[in-house]
Amino acid sequence: MIYSGKAITVSALENGIAELNFDLQGESVNKFNTLTTDELRRAGEALAAAGGIKGLLVTSAKDVFIVGADITEFGKNFNLSEAEIAEAVYATNQYFNAIEDLPFPSVTAINGYALGGGLEMALCTDYRVMSSSAKVGLPETRLGIIPGFGGTVRLPRLIGPDNAAEWIAAGKDQKAEAAMACGAVDAVVEPDLLREAALDLLQQCIDGKLDYAAKRAEKKAPLQLNDIEAMMSFETAKAVIAGQAGPHYPAPVSAIKTIQKAAKMERDEALREEAKTIAKLAKTEVAKNLVSLFLGDQALGKAAKQWASQSEDVKQAAVLGAGIMGGGIAYQSAYKGTPIVMKDINQAGIDLGLSEAAKLLSKLVERGRMTADKMAGVLNQITPTLSYDGFDAIDLVVEAVVENPKVKHAVLAEVEGKLAKDAILTSNTSTISIDYLAEPLQRPENFCGMHFFNPVHKMPLVEVIRGAKTSDAAVARTVNYALAMGKKPVVVKDCPGFLVNRILAPYMGAFMGMMRDGADFTKVDKVMEKFGWPMGPAYLCDVVGIDTGVHAGEVMTKGFPERMSRDFKTTSEILFEADRYGQKNGKGYYAYETDKKGRPKKVVDESVWELFAPHCEARRDFTDEETIDRVMIPLCLEAVRCLEEGIVASATDLDMALIYGIGFPPFRGGALHYIDDMGVAEFVAKADKYAELGPLYAPTDRLREMAGNGETFFS
Ligand code: NAD
């Protein structure tokens, strides 16, 4: 044994070959945590000191090769100063360089995922052989940083700056064929031939049949581009990538700038540039929030899996109502492999639900992401029906009939009578209390909310709503089913609007207040879209439907009259009375035309101002800051109230639900991160500035206490 650690061992094979094997003890995957990087240093030293080695094979003992740096350590590392981070990153790079500089050839066998630091490790060796089932990639820009172990240096020198820019900026996993096509790896083989193929390649280097030294020198030298080529390549990449990433995500463009700046440098100098950039980005709020988002997603997934492990899988589901939501639920269930019965009361509903599912599947077939055979198979998993025949064999039902309490009461009581005693019944209601819906049921313990967002196939969040009588078993099976459908379930308590729509309501209420005070909704939309929302509040009202929005507003006002009731007519109510229902009938805040692809395109319709005039003050300008504060403060304060009332288990769950449910700007991390980033005391002071606008702007006592004590929601 040449070196034996807890993450890495180096052993001597036959013919003078040494094998460096990654196998992080006590973990299911290999990752570059402090222990592994330190052992890489020791392994490199041991290899340099051992005599008689002719070649190095790098392997993994896990199903993955290496999944990247240990993101749980980022928080601690990012707390260092910018200069300290740059120095630490550069120092760690020496361990990778030491492997690259060993006086014999080296080959990596990539058996599974090689992401981030994993791919960067493989790039240090002279050659790479990849299993056909493995994937590689540099996902760092998705965390608001850039690769830090030589990815921006070695990859462009290996696959060319254009390809490297694309890989790094997009941060996507690359399949073996793609890696082979651009030269990131030197061979792709079936998984069971990997080791043999890698050893064979290494032997060819040892035998002098392959000029590994030349290959290595090229990887360490400046990029082989003349000035014109460089200018064309980098300037085009920067323009395209800046357009794709948008102004809130600086990392992809920073990565290209780093590659450009280091183009004429030798390896070590180029690595300094990379370390400087990563250090700078690591200190941004964006990186902090994107890292926190990644960890939040993992925490959410872990909690959901814990719930799901307490339940049997749903083998047969049913959905009642084949409308917009029912059709979407049936599609998603079948697409992800759980057969589903779709029941409606009229054939027209069923036909609509099925045609919606078929339309979504056809798009996948058109894009080459699904075969026609598979499409037929998925459609076969949806059983349309007008009767309750066979409902005694259903494990879980999602009720998605019209949003009418009386109809829902009747339908829920009726279907309960057709189900087995232990079947779980759920409702996709968006506004009606789960406890109220449970009233006519014989087995309210088997009932909970399962709130999907529209469109079901696109929106990741599902709120699993616990009523007062809901059992753990009902929650567990519903969470299990949501996971099986590829969704992100969050368990919340029953209250008007549940979690996400409750938090959205004050934002909408605040927007209505601004309209009353003379705001121009087109400007508010622009400011909030620049802030990072997928759409501004007026456009959102149009997309959701003005009628739906007005109805939801009434429910929320009734639920929380002390802060959500209003003494003025809102612009949405005015539009509703004028039969302007939004996108669905072509007129709302905006008017809608059909674009060349048949999609609705919004245009400004000046006529709405005449409708608003009798109820609103004369149009006036609000600054961007005032606009943001006026709508964001009420949203954030409602989030605080939900957390304090225990509607959701944790600050992380709350922020993740906002990102997955209503597209809260991910780089801002969620409402509670937003408060933390501003500083709780500053946020409270800002809210107090708007106190005259009413109780939507009133901080809770606990938040004031947090401000006084210097507390935060996240450490
Ligand atoms: P929809 O009007 O498109 O569809 C309702 C369907 O239910 C119709 O096909 C109707 O024929 C059918 N139906 C009525 N009574 C029935 C019965 N007794 N048995 C079986 N089917 C019956 O409505 P939708 O937009 O799909 O909404 C359905 C539910 O989902 C509502 O509770 C709504 O609040 C909720 N929801 C809607 C959205 C959304 O954006 N549309 C989002 C989340 C939740």
Side-chain angles (χ1 to χ4, degrees), residues 318-332 340-357 382-389 391 394 397-419 425-434 436-437 440 447-465 482 485 487 489 492 496-502 504-505 508 535 540-556 581-584 657 660-663:
V319 61
L320 303 180
I324 304 176
M325 297 305 286
I329 292 164
Y331 160 84
Q332 189 66 22
I340 185 159
V341 173
M342 181 171 71
K343 180 184 178 304
D344 206 294
I345 43 168
N346 59 60
Q347 188 60 40
I350 298 236
D351 293 346
L352 193 75
L354 279 178
S355 77
E356 277 303 311
I382 305 176
T383 309
T385 180
L386 292 170
S387 82
Y388 283 118
D389 289 352
F391 266 60
I394 302 284
V397 177
V398 186
E399 170 279 306
V401 305
V402 283
E403 188 74 349
N404 174 321
K406 277 198 194 130
V407 175
K408 285 205 192 277
H409 263 179
V411 169
L412 289 168
E414 186 178 62
V415 67
E416 187 187 41
K418 315 284 178 194
L419 297 172
L425 183 53
T426 71
S427 174
N428 180 41
T429 178
S430 29
T431 53
I432 309 169
S433 150
I434 294 304
Y436 172 77
L437 287 180
F447 178 67
C448 65
M450 187 174 193
H451 184 212
F452 291 85
F453 291 75
N454 187 17
V456 176
H457 68 286
K458 276 209 184 131
M459 301 302 288
L461 184 70
V462 170
E463 287 178 323
V464 176
I465 306 135
M485 287 173 89
K487 297 296 171 195
V492 303
F498 312 128
L499 177 70
V500 165
N501 285 338
R502 172 171 163 185
L504 188 63
M508 285 301 186
M535 55 186 90
L540 181 61
C541 287
D542 277 358
V543 171
V544 167
I546 299 291
D547 50 341
T548 310
V550 167
H551 171 66
E554 284 164 5
V555 173
M556 297 312 294
Y581 299 151
Q583 243 179 25
K584 65 174 79 163
Y660 287 138
I662 48 173

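Reckoned from all heavy atoms, side chains included, excluding hydrogens, waters and symmetry mates. Counting convention: from 1, in listed order, for ligands and their atoms alike. Treat the numbers as computed from the prediction; the structure is a model and nothing was measured.
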For ligand 1, which atoms sit closer than 4.0 Å to a heavy atom of [X]?
| X | answer |
| --- | --- |
| Asn346 | 11 (O) |
| Val411 | 17 (C), 18 (N) |
| Thr429 | 32 (O) |
| Lys408 | 31 (C), 32 (O) |
| Asn454 | 39 (C), 40 (O), 41 (N) |
| Ser430 | 33 (C), 34 (O), 35 (C), 36 (N), 44 (C) |

Give the residue, atom name and distance (to 0.1 Å) of the protein heavy atom nearest [atom].
| atom | value |
| --- | --- |
| atom 32 (O) of ligand 1 | Glu403 OE1, 2.4 Å |
| atom 9 (O) of ligand 1 | Asp344 OD2, 2.7 Å |
| atom 44 (C) of ligand 1 | Asn428 O, 3.3 Å |
| atom 29 (C) of ligand 1 | Val401 O, 3.3 Å |
| atom 43 (C) of ligand 1 | Phe452 O, 3.2 Å |
| atom 2 (O) of ligand 1 | Val402 CG1, 4.0 Å |
| atom 15 (N) of ligand 1 | Ile345 CD1, 3.5 Å |
| atom 24 (P) of ligand 1 | Met325 CG, 3.9 Å |

Legend entry - Proximal candidate to atom 4 (O) of ligand 1 [heavy atom criterion; set Ser427, Gly323, Gly545]: Gly323
Is it the case that ligand 1 has an N or O less than 3.5 angstrom from some N or O of [X]?
| X | answer |
| --- | --- |
| Ile324 | yes |
| His451 | no |
| Gly349 | no |
| Glu399 | no |

Which distance, rounded to the nearest 0.5 Å, do you find between the [atom1] of [X] and the [atom2] of [Y]?
| X | Y | atom1 | atom2 | answer |
| --- | --- | --- | --- | --- |
| His457 | Ile329 | NE2 | CD1 | 13.5 Å |
| Met450 | Ile465 | CE | CD1 | 10.0 Å |
| Leu320 | Tyr388 | CG | OH | 5.5 Å |
| Phe391 | Thr385 | CZ | OG1 | 7.0 Å |
| Asp389 | Lys343 | CG | NZ | 10.0 Å |
| Ile662 | Leu461 | CD1 | CG | 9.5 Å |

Inset, instruction - Please check if atom NZ in Lys418 has more than 12 non-hydrogen atoms from other residues, nucleotides or ligands closer than 6.0 Å. - result: no
Inset, instruction - Please report the C-alpha distance between Leu437 and His409 in whole Å, then the side-chain angles of each, then the deciding distance to 0.1 Å, and finally whether the side chain to side chain contact (heavy atoms under 4.5 Å, CB included) criterion is met. - result: CA-CA 6 Å; Leu437 287 180; His409 263 179; 4.3 Å; yes
Inset, instruction - Take Glu356 and Val456, measure what side chain to side chain contact (heavy atoms under 4.5 Å, CB included) needs, and give me the verdict at the end. - result: CA-CA 11 Å; Glu356 277 303 311; Val456 176; over 6 Å; no
Inset, instruction - Please confirm whether Glu414 comes under 4.0 Å of ligand 1, counting heavy atoms of the residue only. - result: no
Inset, instruction - Could you give me the CA-CA distance, side-chain angles and deciding distance for Lys487 and Gln332, then say whether side chain to side chain contact (heavy atoms under 4.5 Å, CB included) is met? - result: CA-CA 9 Å; Lys487 297 296 171 195; Gln332 189 66 22; 3.9 Å; yes
Legend entry - Min side-chain heavy-atom separation His451-Val492 under 4.5 Å: no
Legend entry - side chain to side chain contact (heavy atoms under 4.5 Å, CB included) evaluation trace for Asn501 with Thr431: CA-CA 9 Å; Asn501 285 338; Thr431 53; over 6 Å; no
